[in-house]
Every structure is written in C-alpha cells, then in structure tokens.
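Chain letters run A, B, ... following the sequence lines, proteins first and then strands; every chain starts at 1. All figures in this text were calculated on a predicted structure; none of them were measured in a lab.
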Protein chains: 2
Amino acid sequence: MATIYEVAAAAGVSPATVSRVFNGVPVSAEKAALVRAAAAELRFTPNRTARSLRRKNAEVIALVIPDIENPYFTSLARGVEDVAQAAGYSVVLCNTDEDPGKEAKYLDIAIAENMAGVILAEADGRADLSGLIARSRPIVAVDRRTLFELDSVVLDNRAAGVAAASTLVDAGYRRIACITGPAEIDTAEERAEGWRSIVARSATPHGSEDYLRYSSFRVDGGRDAMRALLALDPAPDAVVATNNLMGVGALQVLSEAGRVPPAFGVAVIGDLPFTTLTPDATTIVRLPARDMGTTAARMLIERINGDTEPARTVVLPHEVVAATAGAPAV
Amino acid sequence: MATIYEVAAAAGVSPATVSRVFNGVPVSAEKAALVRAAAAELRFTPNRTARSLRRKNAEVIALVIPDIENPYFTSLARGVEDVAQAAGYSVVLCNTDEDPGKEAKYLDIAIAENMAGVILAEADGRADLSGLIARSRPIVAVDRRTLFELDSVVLDNRAAGVAAASTLVDAGYRRIACITGPAEIDTAEERAEGWRSIVARSATPHGSEDYLRYSSFRVDGGRDAMRALLALDPAPDAVVATNNLMGVGALQVLSEAGRVPPAFGVAVIGDLPFTTLTPDATTIVRLPARDMGTTAARMLIERINGDTEPARTVVLPHEVVAATAGAPAV
DNA sequence: CCGCCTCCTGCAATCGATTTCAGCACTGTA
DNA sequence: TACAGTGCTGAAATCGATTGCAGGAGGCGG
C-alpha cells in the first residue's frame, strides 16, 4: 500500500504537498500534476484510518435500527445508504434487535471509532446519548423520538392511526379493534391513540380498550393478537394493525380463519411487503420509509458539515390507499 | 475523551502498561487494578482508530451485497451481523445495486479503511479483487462465486432448479416455464440449467428455450417475464421462478390474470417473504439465507485470525416445501 | 531600488494506541 | 556469592496523514 511518503518521494515534493493536492489546498499546477502522476503510478489511495485519527472524524455514519429484517427499516436503510454514499460516507449497520444493551454497545463503538454521526431509530426510547452529545457527534433520530432535544424525522403517528381507523369506519365496519406494538414505544402508543380517538366516537358494544392489543412489532405479535381478538365475544369486525409486520400476521390468521377482507376489515399502517395477491380489500396507510432515510441522512450530513441551527423536527406525510371494497351489508 | 496517557497519569504507570492491561498482556495484579480503576474513573474507551492505524487492521468487516431491499440478502445480513457482533466486529453495509462501479468503489474503501475482511455477494461475477488479495485481506464469497480462488458459501443452484422443476412435473404440470435472472449471474444460469435438465426429458410442445425468460432478479422482472409467458401459444401451465422477488412478480401477474395456483403451477426458489395468504399451492425451495450469513462470517473470522488453509467451498442444503395441491385434472 | 504582501512549500509536531527493546528486580541454583 | 533466567515495566519509535508555522520566491507600489 503506497503511502503519502512514497508518493512524495516519487514526485520530488514533500508529503505535506501531496496531502494538500488531495485536499484541495492550493498547490502550484506544476507540482500538482507531478503528484497526481506519481499517485496514479503507485495506485495510491489515502489511508482513511490515519486521516480519521488526525482529523478526529471518520467518514462513516452509524445507522442504528431495531430490526434489519423489517422491510420498513430496510427501505429506510436504503435511503440512508444512497445519500451517504453519494456524499462519500460509509454506513455501518447496527441491528439492535430492540435490545437496549446492544444499542448502547453500538453507540459506544460509534464514539470509539470517531464516527461522523449517528442515525438512530431507538429501541426503547430511553437511550443514553450523553456520550455522543458531549463529544458533539451529530445525531438524527428517525421514526422514533428520543429523550434528547435532537434533529428528528418522524411521522404524524396519531394522524396515521386516525386515518386507518376512520377509513374502516367509513367503509361501514362497526367493531374496530387495534393491534399495536409495545406500549413503551412511542409510535405504538401514538398510532393506537389515533385509533382510540376514532372508535371512542363510534359506539362499540365492547369497551374499546378490550379491542386494543399491545404486542411485539413482529409477525408473531400480529398473529397472537389477532387470534386473541377473534376469540372475543362479540368479536371485532375489523382491525387496525399499526405496523407492516403485525399486519402480515393479522392477515395470516384471518386467512386461516377464512375471514379475508372485505369480510373482515383490515387497515395496516405501513406497506405490506411483497404481497403476492394484490389485496385491494385492505387499506394501507403508506409510510415514506425511504424518504425518511434520505431526509435523515441529509440532515445529518448538514450537521457534520457544521450546521449549528437549533434542533429541527421534520414530519413526513403518509398516504392513505383505501380498500376498494367496504364492509358486507349486515 | 480520555486517552491512554491520561489513564496512565492517573494510575501512575506508563501508557504502555495501560495498553497491556487492555490487551491481555501480563501485568502485575497490583498495577492492573490501578489501571482499571483509573480507566473506569475516566470512562476510558480505547480509540479504535488509533488502534487500527497501528495494527493495520480495523475491527470492521464489509458486507457487499447487490440489493439490501431483497429479504434474502437481508436475512443473510442478519446472519453476518449476529456473528460479527458477537466476535467484536462491526459490519459496514455496502449496497451495490448490482452496479459493478459501486461495488469497486466499496472494495477500494475496504482497503483504504484497513477493514479486517470482506463478505461479498458479487454483482456481475467479474469483480477485481486483486487489490484486496495483494494486501492479504480475507474475502469470503457468498451466494455467488467469484473469478478468484476464494472461500465461498454457496448453494447447489442446479439442484435447486431440478427440485423446483421436478416437483411441478410430479404434480402433473406439463408445460413448465422458467423465469430467471440475468444470464451473466451464475446463480441465474445454474438454476435455469437445473430446470432445463428436467423439462428436456418431459416432452413439451414448445421448444423449451421459448419457455425460458431471462430478466432482472426483481419483482418487476418477474412480472414482465410472466406476462410474456402468458402471451405465448400454447401458454405454459406452470413456472419456476428462480428467486424470491421474481416469484412475487409472477404470482402477482397470475393473480391479476385469475390463474392462481394450483390452476397454474408455481415453484419459487427462495422464500416468499411475508406472505399474507399462506399459498399452500405454491412450491417453495427454501434457501438458508441466514445460515449462509453466519457461515460466511465464521469463515471470515477464522481467516482474520490467521487460518491459512486452502480455500474452502461450503455448499448449504436447500429444502423443498412442495405444494399441497397438484395440477387440475385436464 | 526597497520594502511589503501574497502565495507556495517544507519541516516537524500531532492524533492515540501498540510494540520493540532494554533495563530492572527478583528467584533459584551452583 | 555470583550468575543465569524469569517476569514486569517504561522509553521511545511507529502507523500514515494533516496542519501550524516559518521561510523563500516573486509581484507590486512607492
């Protein structure tokens, strides 16, 4: 691996000059040409580790997400990757599995590696970010807010819940349940709150809280909750699933029970990934996952480049794709 | 950020001793205790950048994959991440989008960052890995082979193709088509070859090559190919899709055309991600994506730790989940 | 023609940890 | 008592690039 010293020797200049050529600091055209020729000859690439050590700043950003196997976060990652790559940054993928311990470990690594910044979708909303903040490493919260006053890119989760539930009401369903994620995750609670505000208006025979199930944001969680809901008496005639995977789980159970939409109303917050049978009868509240990633990455890079404005919160819009069929007439 | 010098000063020892404590080199119990106390007090974490520079080896591995949004690669990534994390390595996610240019750029970065190793699912089978090899950076090829003699973790793609096609034959279908990926990707060609070897035996009215479509390994590719196949005369009565996304695309088109399995036979190589309607009538050749990731990561870490055995190739088994229903009687 | 200013350039220090080498203390043996 | 051997320890060099500082060349106005 050629170093800056070898290039300098080959070009007959000092290492400092070589460095300057590669960093856009003014150098006479003549020497610059010599350096470039020597560098090309020796296939020189600057050692990023040495650069990071000196600059105290690696061209790397950490993307900390709770579940890499969830297509929602995958799309988000894709967005981050696109922007980061274009700006010359690498992305370190940190999958926390919703485990605050793993998350903390990754945040420590971000510090130890002098990473330029962190994009964080928090596991439990209680992460200690003081270490990063003390070292003034920029952080952008994405999807979920944090305890700290930080840039964030989020959704109007309550509105998404309202949209999902009211679409079902409009379609004629009357006993609308809700399956949401762990109560300690803000997005789960906010989306459920949106649902609650709608069903509270429409009279339901059951106390509406019986129709609300907290579970995990996974397929299994959706399945378990859906089964429990179907066992109620009276059973609901529709359900809001507050994320994509729970929606999949709910639809699986409904399909097994022979109650596919529109016989049973379903609204899902988040895109159903790779659906093979286009489910026109399911309402989808589409979330701009990839946009969230690109937006967050752009904000982070601005911060890295020295932006010191007060923390901003960007709320991205969702889009409702209503089911084409309503509830069957009773 | 506390450095080793500050810890040394606080503990009344030399920086060398502090380093030794953190690297398992023998140090008297007494001084070790002093160092640990001082380190804890100062919340010291060794700076990984400095360490990498000195050791010429970062605790980071690059995972280079063509499509982060494909759940197959996501599972693989998950496997890699699990093993790497447990071994103290971070994973840098490199999404190449099947673009050899982006791939080359990422491989250069792996060199410039002194990354410990690379796990590579190649875009086009022509990557130039000589730079990494010259610097003796270990590489493990995964899913797809490379031009170089390297450790690899692959599938028996031909056998997977055979399994998919013969399951359809056994189920009673007679005009079996195949949708596969770009011809220059080995896995696409090998799986198609497996299909070809089966249909060559069973007489088909059409020349079998008409029933073979090369497309992109994406949902759209599957859709386009499936539409083209349905327009043939005679149209096939079954299809093998050689990856998960093409399978999704094919099923979407079939569903739109009202020809869902078992009316039309479908076998997919790779798991259908998050299916909402359990498609008992579709044959799935399950691929052990996550195992591939863990296996590759383990092999890579052995190499990083100095293993110098000749290159190994591990072939992981697939599993056939046959459709429960056969072809409708003619 | 002189002095000041600008623009390059090179020297050398620096980032923070690792590691070689030499020195020291101590033990056990002859 | 002397000596070889063992085991810690610290001083200092090192990894490769960046950058503050000072010096030299050349341009320009007075």
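Ranked by how close their nearest DNA chain C nucleotide is to the 5' end, Ala2(B) and Val27(A) are led by Val27(A). Nearest-nucleotide positions on DNA chain D place Val25(B) closer to the 5' end than the other of Val25(B) and Phe22(A).
For the pair Ile4(B) CD1 and dT19(C) P, the computed distance is 11 Å after rounding to whole Å. Rounded to whole Å, atom P of dC15(D) lies 14 Å from atom CG of Leu53(A). Between Asn57(A) atom CG and dA17(D) atom P the separation is 17 Å, expressed in whole Å. Atom CZ of Phe44(A) and atom C1' of dT18(D) are 12 Å apart (whole Å). Rounded to whole Å, atom C1' of dT18(D) lies 12 Å from atom CG of Asn47(A). The interatomic distance linking Glu113(B) (CD) with dC15(D) (C1') rounds to 16 Å, in whole Å.
Applying the 4.0 Å criterion to OP1 and OP2 of dT9(D), one finds that Ser28(B) has a side-chain N or O inside that range. Taking side-chain N and O atoms only, Arg51(B) has a distance below 4.0 Å to OP1 or OP2 of dT18(C). Taking only side-chain nitrogens and oxygens, Lys56(B) never comes nearer than 4.0 Å to OP1 or OP2 of dT18(C). Within the 4.0 Å cut-off from OP1 or OP2 of dT18(D), at least one side-chain nitrogen or oxygen of Asn23(A) is found. Contact between the side-chain N/O atoms of Thr3(B) and the OP1/OP2 oxygens of dG16(C) is not found at any separation under 4.0 Å. Arg55(B) has a side-chain polar atom (N or O) that falls below the 4.0 Å cut-off from OP1 or OP2 of dT18(C). The side chain of Ser14(A) contributes an N or O atom lying less than 4.0 Å from OP1 or OP2 of dG10(C).
The two residues Ser152(A) and Val140(A) come nearest to each other via the heavy atoms CA-CG1, 4.5 Å.
Residue contacts for Arg48(B): at a heavy-atom cut-off of 4.0 Å it reaches no nucleic acid atom on any strand shown. Residue-level contact check: Val18(A) touches neither bases nor backbone, having no heavy atom under 4.0 Å from any strand. Nucleic acid contact for Thr17(A): sugar-phosphate only, since backbone atoms but no base atoms lie under 4.0 Å from a heavy atom of the residue.
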Next on the checklist: What verdict does the side chain to side chain contact (heavy atoms under 4.5 Å, CB included) test give for Asp97(B) and Glu103(B), after you've listed the backbone C-alpha separation in whole Å, the side-chain angles of each residue and the deciding distance to 0.1 Å?
Outcome noted: CA-CA 8 Å; Asp97(B) 235 347; Glu103(B) 184 176 276; over 6 Å; no

Checklist entry - Taking it one step at a time, do Val92(A) and Ser90(B) satisfy side chain to side chain contact (heavy atoms under 4.5 Å, CB included)? => result CA-CA 7 Å; Val92(A) 173; Ser90(B) 305; 4.1 Å; yes

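Each of dG10(D), dG16(D), dG10(C) was ranked by its minimum atom distance to the side chain of Val13(B); first place goes to dG10(D). Among dC15(D), dG10(D), dA17(C), the nucleotide with an atom closest to any side-chain atom of Arg20(B) is dG10(D).
At least one donor-acceptor pair under 3.5 Å links the side chain of Arg303(A) to the backbone N or O of Glu309(A). When atom types are taken as modelled, the side chain of Asn70(A) and the backbone of Tyr72(A) share a donor-acceptor pair closer than 3.5 angstrom.
Evaluation of atom-type donor-acceptor distances gives no pair under 3.5 Å for the side chain of Arg54(B) against the base of dG16(D).
The only option from Ile111(A), Asn114(A), Leu107(A) that meets the side-chain contact (heavy atoms from CB on, under 4.5 Å) definition with Arg137(A) turns out to be Asn114(A).
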